[in-house]
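Everything below concerns the one structure shown next.
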Amino acid sequence: MGLHEKLLELETELHRTQKNKATEFHIGILKAKIAKLKRELISPSRRGGGGGGHGFDVKKSGDSTVVLIGLPSVGKSTLLNALTNAKSKIAAYQFTTLTCIPGIMEHNEAKIQILDLPGVIAGAKEGKGRGREVLAVARNADLVLILLDVFQPNMLRAIQDELEGIGIRLDSKPPEITIKKALRGGITINRTMKTTKLDDRIIVGILNEYGIHNGQVVLREDISQDQLIDVLENNRRYIPSLVVLNKVDLVTPQYLLTLGFGFVPVSADKRQNVERLKDEVYRKLNLIHIYTKPRMGEADMLEPMIMRTGSTVADFCARVHRDLARDFKYAQIWGKSAKFPGQKAGLDHALADRDIVSVVKKQG
Ligand SMILES: Nc1nc2c(ncn2[C@@H]2O[C@H](COP(=O)(O)OP(=O)(O)OP(=O)(O)O)[C@@H](O)[C@H]2O)c(=O)[nH]1
Ligand SMILES: [Mg+2]
């Protein structure tokens, strides 16, 4: 039996199995088997069949990268042109854009790279219409902007499914669980809080499925079977998303109200609400401003360095100069991440918004 048939068989069984306390364990094992098979099916060594080919050649630039994902003809290229200086081809027919077109949006001192991509259709994750390559670009983004046509707002779920299918977890954090493998002693499980979704037997069963028979597990969150499998698969991307509804110039405000909230309405073509969208993109990216202070002088408060949330002193050094991390002795920090003004910090120190950083280099 081929991998595809095996996958189909397992998925059919999963759908047939009623969900209850008695079948929980069985379902967990089935899900783990399915996740493993899916990974095998999309591994690069098994390309070919259904649109493998080369990935898009995308050079990251700017302080952050945002990708535009949506069905064909929803106005992704029009929006790229409205947000940036790029000139991506626009046309009334589907699949106008055939490759990855970059542009830079400057907003609040940040340079944000926006990537326009071909449209995705249902089945993209299986490779339809170069879909897998498009989705692969999204895996490396800092924000996924899902663009919907005002007349097809309910396509949202389908697009989210495609992104999920390629291992992207939208708007969620990595599960709070650590798994340390060991050579013997079986599996011990500890919890820092009461959990309801996973009992010990299921955890052990799923771990065994991944070839882990000894080790320590610590749960710090009430995670699900799927989340445990995500951790074991070890290739998931946790990326925020923003839903944008385009072509609102074609409808009345009353119609828009019936759609509810949770999206940013724009008209890329008529340039309506584009400034608000820029604000939303910027806000979602959670960028931080870091000021540089020379060892002896005053901090430069005019030109902050724009960095991702969670950036460390090492990231800061890398941005200042290629060799700075090598010559690094210690840094001094003023601001929210410092316990006291001028605190000494190492390369792994996490910076906070509006911190001032001064790097002291080794002598010689
Ligand atoms: N009325 C209206 N039409 C728009 C708007 N934005 C884009 N369009 C039109 O929609 C059509 C498709 O626009 P594109 O920007 O090429 O769409 P796309 O999503 O990049 O399409 P593909 O590259 O084929 O996936 C064009 O005819 C645009 O002029 C808008 O805000 N309002
Ligand atoms: Mg396009």
Side-chain angles (χ1 to χ4, degrees), residues 51 53-58 65-105 112-139 141 143-163 165-166 168 241-259 262-281:
H54 294 291
F56 294 118
D57 195 12
V58 202
T65 300
V66 179
V67 295
L68 301 179
I69 299 288
L71 297 187
S73 281
V74 295
K76 297 177 296 297
S77 302
T78 311
L79 185 62
L80 176 83
N81 296 352
L83 291 171
T84 73
N85 51 356
K87 289 188 178 55
S88 190
K89 187 179 170 196
I90 297 169
Y93 51 85
Q94 304 201 330
F95 295 108
T96 305
T97 310
L98 297 171
T99 174
C100 179
I101 314 282
I104 292 281
M105 170 182 118
I112 297 163
Q113 182 182 44
I114 316 257
L115 300 177
D116 179 25
L117 287 160
V120 292
I121 47 178
K125 59 181 181 290
E126 284 88 39
K128 287 214 181 97
R130 296 195 83 184
R132 204 181 304 149
E133 293 148 88
V134 173
L135 297 170
V137 177
R139 275 179 62 91
L143 175 68
V144 176
L145 196 155
I146 300 176
L147 194 60
L148 301 172
D149 183 295
V150 74
F151 294 117
Q152 290 188 302
N154 46 13
M155 290 314 291
L156 177 61
R157 192 60 245 166
I159 291 176
Q160 287 169 333
D161 281 348
E162 294 298 323
L163 292 163
I166 194 144
I168 295 174
S241 72
L242 188 64
V243 182
V244 179
L245 198 60
N246 188 33
K247 309 193 186 182
V248 298
D249 56 288
L250 299 176
V251 300
T252 61
Q254 285 81 353
Y255 170 85
L256 265 191
L257 280 175
T258 64
L259 299 180
F263 54 80
V264 186
V266 298
S267 168
D269 187 48
K270 306 286 182 298
R271 305 292 194 261
Q272 287 169 7
N273 222 19
V274 169
E275 282 308 306
R276 174 165 156 229
L277 175 58
K278 286 185 182 177
D279 285 337
E280 291 282 337
V281 167

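For ligands, and for the atoms within them, numbers begin at 1 and follow the listed sequence. Model, not experiment: these values are computed from the prediction.
The closest protein non-hydrogen atom to atom 30 (C) of ligand 1 is Asp269 CB, 3.2 Å. At the top of the distance list for atom 23 (O) of ligand 1, counting protein heavy atoms only, stands Thr97 OG1, 2.8 Å. In terms of protein heavy-atom proximity, atom 1 (N) of ligand 1 is nearest to Asp249 OD2, 3.0 Å. Protein heavy atom closest to atom 17 (O) of ligand 1, with residue, atom name and distance, is Gly75 N, 3.1 Å. Remark: minimum distance from atom 25 (O) of ligand 1 to any protein heavy atom is reached at Lys76 NZ, 2.9 Å. Looking only at heavy atoms of the protein, atom 6 (N) of ligand 1 is closest to Asn246 ND2, 3.2 Å. Looking only at heavy atoms of the protein, atom 10 (O) of ligand 1 is closest to Lys247 NZ, 3.1 Å. Ranking the protein heavy atoms by distance from atom 13 (O) of ligand 1 puts Thr78 OG1, 3.6 Å first.
Residue Lys89 has no nitrogen or oxygen atom sitting less than 3.5 Å from a nitrogen or oxygen atom of ligand 1, judged on distance alone. When only interatomic distances are considered, the shortest N/O to N/O separation between Gln94 and ligand 1 does not fall below 3.5 Å. Backbone and side-chain nitrogen or oxygen atoms of Ile90 are examined, and none is located within less than 3.5 angstrom of a nitrogen or oxygen of ligand 1. Checking only distances, Pro118 never comes within under 3.5 Å of ligand 1, N or O to N or O. At a 3.5 angstrom cut-off on N or O pairs, Leu117 does not count as close to ligand 1. The distance criterion of under 3.5 Å between nitrogen or oxygen atoms is not met by Leu250 with respect to ligand 1. Ligand 1 has no nitrogen or oxygen under 3.5 angstrom from a nitrogen or oxygen of Lys270. At least one N/O-N/O distance between Val74 and ligand 1 falls below 3.5 Å.
Residue Tyr93 approaches ligand 1 through these ligand atoms, each under 4.0 Å from one of its heavy atoms: 24 (O). Set against the non-hydrogen atoms of Phe95, the atoms of ligand 1 under 4.0 Å away are 24 (O). Contact atoms of ligand 1 toward Gly119: 25 (O) (distance under 4.0 Å to a heavy atom of the residue). Remark: ligand 1 atoms within the under-4.0 Å shell around heavy atoms of Ala92 are 27 (O).
Under the 3.5 Å distance criterion, with hydrogens and angles disregarded, a donor-acceptor pair is assigned to the side chains of Thr65 and Gln113.
At a threshold of 4.0 Å, the pair Lys76-Asp116 does not count as salt-bridged, since none of the basic side-chain nitrogens sits closer than that to a carboxylate oxygen.
Contact annotation for Ala91 and ligand 1: only backbone heavy atoms (N, CA, C, O) come within less than 4.0 Å of the ligand. For Val248, no heavy-atom contact with ligand 1 is shorter than 4.0 Å.
Closest approach of Leu245 and Asp149 over heavy atoms only: CD1-O, 3.8 Å.
Proximity of Leu117 to Thr97: side-chain heavy atoms (C-beta onward) are nowhere separated by under 4.5 Å.
Rounding to the nearest 0.5 angstrom, the gap separating the CD1 atom in Ile146 from the CD1 atom in Ile69 is 8.0 Å. Summarising the geometry, atom CD1 belonging to Ile114 is positioned 7.5 Å from atom CG belonging to Leu79; distances are rounded to the nearest 0.5 Å.
Taking a 4.0 Å cut-off on heavy atoms, Ser73 registers as neighbouring ligand 1.
Rounding to 10 degrees gives 90° for the angle at the Mg ion (ligand 2) between OG1 of Thr97 and OG of Ser77.
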